[in-house]
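Every value quoted in this text rests on a predicted model; they were computed, and no experiment measured them.
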Amino acid sequence: GEDVEQSLFLSVREGDSSVINCTYTDSSSTYLYWYKQEPGAGLQLLTYIFSNMDMKQDQRLTVLLNKKDKHLSLRIADTQTGDSAIYFCAEASGGYNKLIFGAGTRLAVHP
Amino acid sequence: NAGVTQTPKFQVLKTGQSMTLQCAQDMNHEYMSWYRQDPGMGLRLIHYSVGAGITDQGEVPNGYNVSRSTTEDFPLRLELAAPSQTSVYFCASKSGGVADTQYFGPGTRLTVL
């Protein structure tokens with residue numbers, strides 16, 4: 001079945017770049033997403049990428065997609081303390097209505 | 001425009017009790033869904049609905065029932081709560097289409113003793 005895997009924890013210094021990685025198994029996934037969850041809150045969509053794209057940039061966020069290796073990454077430039085959160089990778093499955101989530105990567109930003 | 005709202009925010013149940021988690025959205029979205037979030041496991045889809053009167057099972061439907069009598073509301077019912085259902089529950093909605101954003105509610109933290 002479908003599976004999405006992420007590393008569980010990442011620690012970076014304020015001002016550095018953060019790179020969060022994700023691998024997925026469903027080669028038919030058309031859209032891949034990155035969600036952010038702050039403590040005690042629901043999930044907020046950060047960005048998404050269509051499977052026929054290699055890269056998408058949105059302000060400080062850069063998404064890279066390697067479809068051959070089924071690898072997705074999220075780069076956050078100039079990471080700030082407000083970026084501390086859990087980041088979830090997700091793939092759309094079964095007609096775009098079902099999201100398969102990874103376990104989430106907890107990003108800790110320290111001074 | 002309140003988005004997706006969920007009640008209650010917190011709930012403690014005893015094993016065998018029943019309750020309904022409420023979810024409502026005011027964006028006229030056709031698609032709604034329920035997820036549970038457990039530590040180290042991400043979110044897993046419980047049930048979803050593509051419109052009023054239509055529901056379907058997700059990845060982990062056992063022990064949960066849903067109904068969709070209106071576009072706005074999508075309640076999740078636990079008939080016989082079990083400790084394994086201790087989790088954080090999120091409701092989400094989207095309008096449909098290929099890349100439409102799923103909007104998540106703030107979550108309900110449920111503990112079953």
> Cluster question for you: counting only ILVMFWY and a side-chain heavy-atom cut-off of under 4.5 Å, with indirect links fine, are I100(A) and I49(A) together?
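I100(A) and I49(A): one cluster.
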> Just wondering, more than 12 heavy atoms not from R44(B) lying within 6.0 Å of its CZ?
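Counting other residues, nucleotides and ligands, CZ of R44(B) exceeds 12 neighbours.
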> For the interface with chain B, which of Q6(A), Q37(A), R106(A) has the highest count of heavy-atom pairs at distances below 4.5 Å?
Q37(A)
> Any heavy-atom pair between the side chains of Q102(B) and Y35(A) that's under 4.5 Å?
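Sidechains of Q102(B) and Y35(A): in contact.
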> Under 4.5 Å from any heavy atom of chain B, what part of L43(A) do you find: side chain, backbone, both or neither?
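For L43(A), the contact with chain B is made by backbone and side chain together.
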> If two hydrophobic side chains count as joined below 4.5 Å and joins carry through other members, does I20(A) share a cluster with Y48(A)?
yes
> Do the side chains of L65(A) and I76(A) join up, straight or via other hydrophobic residues, at under 4.5 Å, putting them in one cluster?
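Yes, L65(A) and I76(A) fall within the same hydrophobic cluster.
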> Go through the atoms of Q6(B) and report whether side chain, backbone, both or neither lie under 4.5 Å from a heavy atom of chain A.
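Contact with chain A: none, neither part.
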> Can you tell me how far the OH atom of Y35(B) sits from the CG atom of L99(A), to the nearest 0.5 Å?
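Rounded to the nearest 0.5 Å, the OH-CG separation comes to 4.0 Å.
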> Do W34(A) and Y24(A) share a hydrophobic cluster, counting only Ile, Leu, Val, Met, Phe, Trp and Tyr and linking them when any side-chain heavy atoms are less than 4.5 Å apart?
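Yes; Y24(A) is reachable from W34(A) via cluster members.
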